[in-house]
K.L.:
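Questions regarding the structure given below will be posed in turn.
Just so it is clear, the structure is predicted and the values come from calculations on it, not from any experiment. Lettering follows sequence order; numbering is per chain, from 1.
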Protein chains: 2
Amino acid sequence: MRMIDVAREAGVSAMTVSNVINGRTGVSAETRLRVLATIADLGYQVNHAARHLRAGRTGAVGLIVPDLDGPYYAQLATRLARDLHERGLHLVLEQTNASPERELEAISFGRLRMYDGLIMSLLRLDAADLDQVSFETPVVFIGERPVPPAFDHIMMDNVGGARLATRHLLKSGARRIAVIGGRHDDGTEDMPSLRTRGYRQAHAELGVEIDPRLVVEVESFTTPSGFRALTWLQESGVPFDAVFAFTDAAAMGVLRALADAGLQVPQDVQVMGFDNGTETEFLVPRLSSVEPGNGAMAERIVELLDRRMAAGGNGGAEVPPQVTTMVNARLVLRETTR
Amino acid sequence: MRMIDVAREAGVSAMTVSNVINGRTGVSAETRLRVLATIADLGYQVNHAARHLRAGRTGAVGLIVPDLDGPYYAQLATRLARDLHERGLHLVLEQTNASPERELEAISFGRLRMYDGLIMSLLRLDAADLDQVSFETPVVFIGERPVPPAFDHIMMDNVGGARLATRHLLKSGARRIAVIGGRHDDGTEDMPSLRTRGYRQAHAELGVEIDPRLVVEVESFTTPSGFRALTWLQESGVPFDAVFAFTDAAAMGVLRALADAGLQVPQDVQVMGFDNGTETEFLVPRLSSVEPGNGAMAERIVELLDRRMAAGGNGGAEVPPQVTTMVNARLVLRETTR
DNA sequence: TCACACTTTGATAACGCTCACATTCTGAAT
DNA sequence: ATTCAGAATGTGAGCGTTATCAAAGTGTGA
């Protein structure tokens, strides 16, 4: 079943059928109706491959994320899929497992051409690696790795959110806030560094000293990782009266480790997460968390991508690249804080 | 940059380049090396759209699931993506939000052609709806909805797993086991009915009566749904000494509701989940669960799909459709059971 | 009646690849 | 030398769509 078959049946040319299907102007209402009826009649469906080959459009948007088993990206994917579906686009998922090779592979030219647009969360690659890649495909980067200036980039309000969370803990009496995923050096502009910066700012503002032993670096921000980090901290004998975990997933591991240690939350130790995922509401005890504006962020991503897809490519003069930092982080206080 | 450009540069025809790229026989080692060198030299990448149009292959496998924000499908997707990647295939995700319209849309002919193969988890559609759809694309169904006999179908050991779980609860002294997601009628062959059947079998074997009020039907198997179900049960005043939730996600909601009610787990009430997701290990208390053989299931899915993709289509005489029921369900006992 | 603008429709040629088949080459057997 | 099998390589067509531009149809004013 090809377009030409529909055309023959409707007594028009393939071009007219194409025009009807793509909503182009220059088709009389009468013809349009006849063609539409024939399409419905024959149950015709366009061949995406042919359209892609000829027109260079695929109708698919790639989302490249480090993992999907954690709650954060799965929830982001769900939101994005919904928003893109409204615009007639598909979401195709690729996982990199946070490996630089897989990140590079995912943005390789051949792969890129599979998509009309790309939403990419980098964890390992940085600007230098990206410079080699010439993006004709519109891309929106999310996350905190530095990105070449030609690209759209959306970041959470990491500093602000972390500052807010830390202020709250300090004001509620905590004086020794362990930070799971923090960084000792403030050199890089990645998520851990930025959130640590907010943590430090809040301490500075309220005049509280930070014991560097409270800053626990971790390899990943998963639940097992959070569990291990807190177990290690506990065993190392450093006293603490609050824990700020840089993701909800890690906070879940922290809660588990605290329960194992027989510590009461929030009486003995307060706990704060980051992301405000749907699961926080159901943990025991319910996790207080930083809501970074997840819904607004997904909308903004799709909006930026749409704009750039309409324009054609990245860094064009017509559509200057946007760097958006979400600024609406707020706290959602539940049972793990006083 | 086209294949013909590589061919010209290497002093061969496009067909030879194609043969090299696709690993076909009939190319001398010398020529192959020269072509490969030229490809690397020019940085050539095949155009998937053209290949797809001409050869009818896409290199992509679709996974159609009701949701991704819950842990179960996200973890399944992660496993599948890994196994498929090993075979040079992509995983493309589509969510149906458990709506029949979206399920039908996902298996519509036009969509199907985007994929070399499809892994489909049905929740709402049944055999009658599927009969209308002529599948040329290889499909493997997962989950418990009945499926036309022409298709491959993989099911968990629902009855066995539920029986195992219920036996354990009964043997550890429970006499009033609430079942979240159970079915009162045993008519349909879907997941809730099958697991309820295992629950009934275990009771029959050990000669324990079931109070029908303990069988709580739910709309979905999410955490909020589990929470609501248990809250409702609690408020309705029906006594119970154990809860068997048909998914870990629902069990998580149950644990939260029990904590709200001030009930101790497992002293007052034992809790058992199903799926043995990665999060069970970190809940407070750690959730005992039925491990249905998730890893083996993902492998089996890919294996079946691969076989059928090699063969061409569904229900062919050469490759008779397989209905596989995984039989290796086992219990993983943690802290929510005695 | 004719010229002219404007709207609607159609013919043709790609897009880049691979299938089917044709051709050339190699070396051993006759 | 000649034949021939088998391996290596090339030729040409066409997958289904859409961009371009040409052609036909429609109506208006001189």
Side-chain angles (χ1 to χ4, degrees), chain A residues 1-39 42-60 88 109-116 136-137 312, chain B residues 1-39 42-60 88 109-116 136-137 312:
Chain A
M1 168 75 57
R2 295 159 303 161
M3 204 174 251
I4 188 79
D5 300 319
V6 177
R8 200 139 32 209
E9 183 76 15
V12 295
S13 75
M15 202 54 232
T16 299
V17 177
S18 175
N19 286 331
V20 168
I21 287 176
N22 293 283
R24 281 186 278 259
T25 57
V27 181
S28 67
E30 186 196 4
T31 308
R32 181 195 315 287
L33 284 172
R34 192 165 75 253
V35 169
L36 286 174
T38 310
I39 288 173
L42 301 181
Y44 168 76
Q45 301 264 7
V46 299
N47 179 322
H48 285 85
R51 166 181 288 176
H52 181 191
L53 176 60
R54 175 65 236 213
R57 268 180 292 102
T58 68
F109 187 60
R111 285 286 195 80
L112 276 182
R113 280 203 301 204
M114 292 187 54
Y115 307 118
D116 290 350
E136 295 173 36
T137 307
Chain B
M1 166 75 58
R2 295 159 302 160
M3 204 174 252
I4 188 77
D5 300 319
V6 177
R8 200 136 35 208
E9 183 76 14
V12 296
S13 74
M15 201 55 230
T16 299
V17 177
S18 175
N19 287 331
V20 169
I21 288 175
N22 293 283
R24 282 187 277 261
T25 56
V27 181
S28 69
E30 185 197 5
T31 308
R32 181 196 317 287
L33 284 172
R34 192 166 74 253
V35 169
L36 286 175
T38 312
I39 287 172
L42 301 181
Y44 167 75
Q45 302 264 8
V46 299
N47 179 321
H48 286 84
R51 167 182 288 177
H52 180 192
L53 176 60
R54 177 64 237 217
R57 266 179 294 103
T58 68
F109 186 62
R111 284 287 195 82
L112 275 181
R113 280 203 301 204
M114 292 187 53
Y115 307 118
D116 289 349
E136 295 173 36
T137 308

K.L.:
Closest to the A:Ala55 side chain: D:dT18, C:dG16, C:dT9?
P.N.:
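Nearest nucleotide to the side chain: D:dT18.
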K.L.:
B:Arg2 side chain: which of C:dG16, C:dT18, D:dG16 is closest?
P.N.:
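Closest of the options to the side chain of B:Arg2: C:dG16.
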K.L.:
Whole-Å distance between D:dT17 P and A:His48 NE2?
P.N.:
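Atom-to-atom, A:His48 to D:dT17, this comes out as 11 Å.
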K.L.:
Decide yes or no for B:Ile4 and B:Arg8: does some side-chain heavy atom of the first lie under 4.5 Å from some side-chain heavy atom of the second?
P.N.:
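Heavy-atom side-chain distance check passes, below 4.5 Å.
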K.L.:
Near DNA chain D, under 4.0 Å by heavy atom, which residues of residues 12-24 of chain B?
P.N.:
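Within residues 12-24 of chain B, the residues near DNA chain D are B:Val12, B:Ser13, B:Met15, B:Thr16.
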K.L.:
Find the distance B:Ile39:CD1 to C:dG16:P and express it as a whole number of Å.
P.N.:
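The distance from CD1 of B:Ile39 to P of C:dG16 comes to 16 Å, rounded to the nearest Å.
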K.L.:
Atom CE of B:Met3 to atom P of D:dT9: distance rounded to whole Å?
P.N.:
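Atom-to-atom, B:Met3 to D:dT9, this comes out as 15 Å.
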K.L.:
Measure the spacing between OG1 of A:Thr16 and CD1 of A:Ile21 and express it to the nearest 0.5 Å.
P.N.:
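Answer rounded to 0.5 Å: 11.0 Å.
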K.L.:
Between D:dT9 atom C1' and B:Arg8 atom CZ, what is the distance in whole Å?
P.N.:
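Rounding to the nearest Å, CZ of B:Arg8 and C1' of D:dT9 are 17 Å apart.
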K.L.:
What heavy-atom pair brings A:Thr31 and A:Ser28 nearest, and what distance separates the two atoms?
P.N.:
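The answer is OG1-OG, 2.7 Å.
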K.L.:
Give the rounded distance in Å between these two atoms: CG of B:Leu53 and C1' of C:dC19.
P.N.:
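For the pair B:Leu53 CG and C:dC19 C1', the rounded distance is 13 Å.
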K.L.:
Hey, does A:Met3 have a side-chain heavy atom less than 4.5 Å from the side chain of A:Arg51?
P.N.:
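Contact flag for A:Arg51/A:Met3 side chains = no.
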K.L.:
Looking at A:Ser18 and A:Arg24, what are the two nearest heavy atoms and their distance?
P.N.:
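Where A:Ser18 meets A:Arg24 most closely, the heavy atoms are OG-NH2, 2.8 Å.
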K.L.:
Please report the shortest heavy-atom distance between A:Ala7 and A:Ala14, naming the atom on each side.
P.N.:
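Shortest heavy-atom contact: CB-N, 3.4 Å.
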K.L.:
Rounded to whole Å, how long is the line connecting atom CZ of B:Arg32 with atom C1' of D:dA8?
P.N.:
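For the pair B:Arg32 CZ and D:dA8 C1', the rounded distance is 11 Å.
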K.L.:
Judged by each residue's nearest nucleotide on DNA chain D, which is more toward the 5′ side, A:Ala50 or B:Val27?
P.N.:
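Result of the comparison: B:Val27.
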K.L.:
Please report the distance, rounded to the nearest Å, between CZ in B:Arg34 and P in D:dT9.
P.N.:
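One finds 8 Å between P of D:dT9 and CZ of B:Arg34, rounded.
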K.L.:
Classify the nucleic acid contact of B:Thr31 as base, sugar-phosphate or nothing, counting any heavy atom under 4.0 Å across all strands shown.
P.N.:
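Contact class for B:Thr31: sugar-phosphate only.
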K.L.:
Figure out the CG/C1' separation between A:Asn47 and C:dC15, and round it to whole Å.
P.N.:
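Roughly 13 Å, once rounded to whole Å.
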K.L.:
For B:Arg32 versus B:Val27, what's the shortest heavy-atom pair and its separation?
P.N.:
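The answer is NH2-O, 3.5 Å.
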K.L.:
Assess the residue pair A:Leu53 and B:His52 against the criterion (side chain to side chain contact (heavy atoms under 4.5 Å, CB included)); give the C-alpha distance rounded to whole Å, side-chain angles, the decisive distance to 0.1 Å, and a yes or no.
P.N.:
CA-CA 9 Å; A:Leu53 176 60; B:His52 180 192; over 6 Å; no
K.L.:
Below 3.5 Å is the cut-off: list the nitrogen or oxygen pairs between protein and nucleotides 24-28 of chain C, distance only.
P.N.:
none

K.L.:
Between atom CD1 of B:Ile39 and atom CG of B:Leu42, what is the distance when rounded to the nearest 0.5 Å?
P.N.:
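If I round to the nearest 0.5 Å, the distance is 9.0 Å.
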K.L.:
At less than 4.0 Å, is any side-chain N or O atom of B:Arg51 found next to OP1 or OP2 of C:dT18? Yes or no.
P.N.:
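Yes, such a contact exists.
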K.L.:
Which sits closer to the 5' end of DNA chain D, B:Arg54 or A:Tyr44, going by the nucleotide each is nearest to?
P.N.:
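First, find each residue's nearest nucleotide; the 5'-ward one identifies B:Arg54.
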K.L.:
Could you pull out all residues at least two apart from B:Ala60 that satisfy side chain to side chain contact (heavy atoms under 4.5 Å, CB included)?
P.N.:
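Result, side chain to side chain contact (heavy atoms under 4.5 Å, CB included) vs B:Ala60: B:Thr58, B:His90, B:Val92, B:Tyr115.
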K.L.:
Is any side-chain nitrogen or oxygen of A:Ser28 closer than 4.0 Å to OP1 or OP2 of C:dT9?
P.N.:
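Answer is yes, contact under 4.0 Å.
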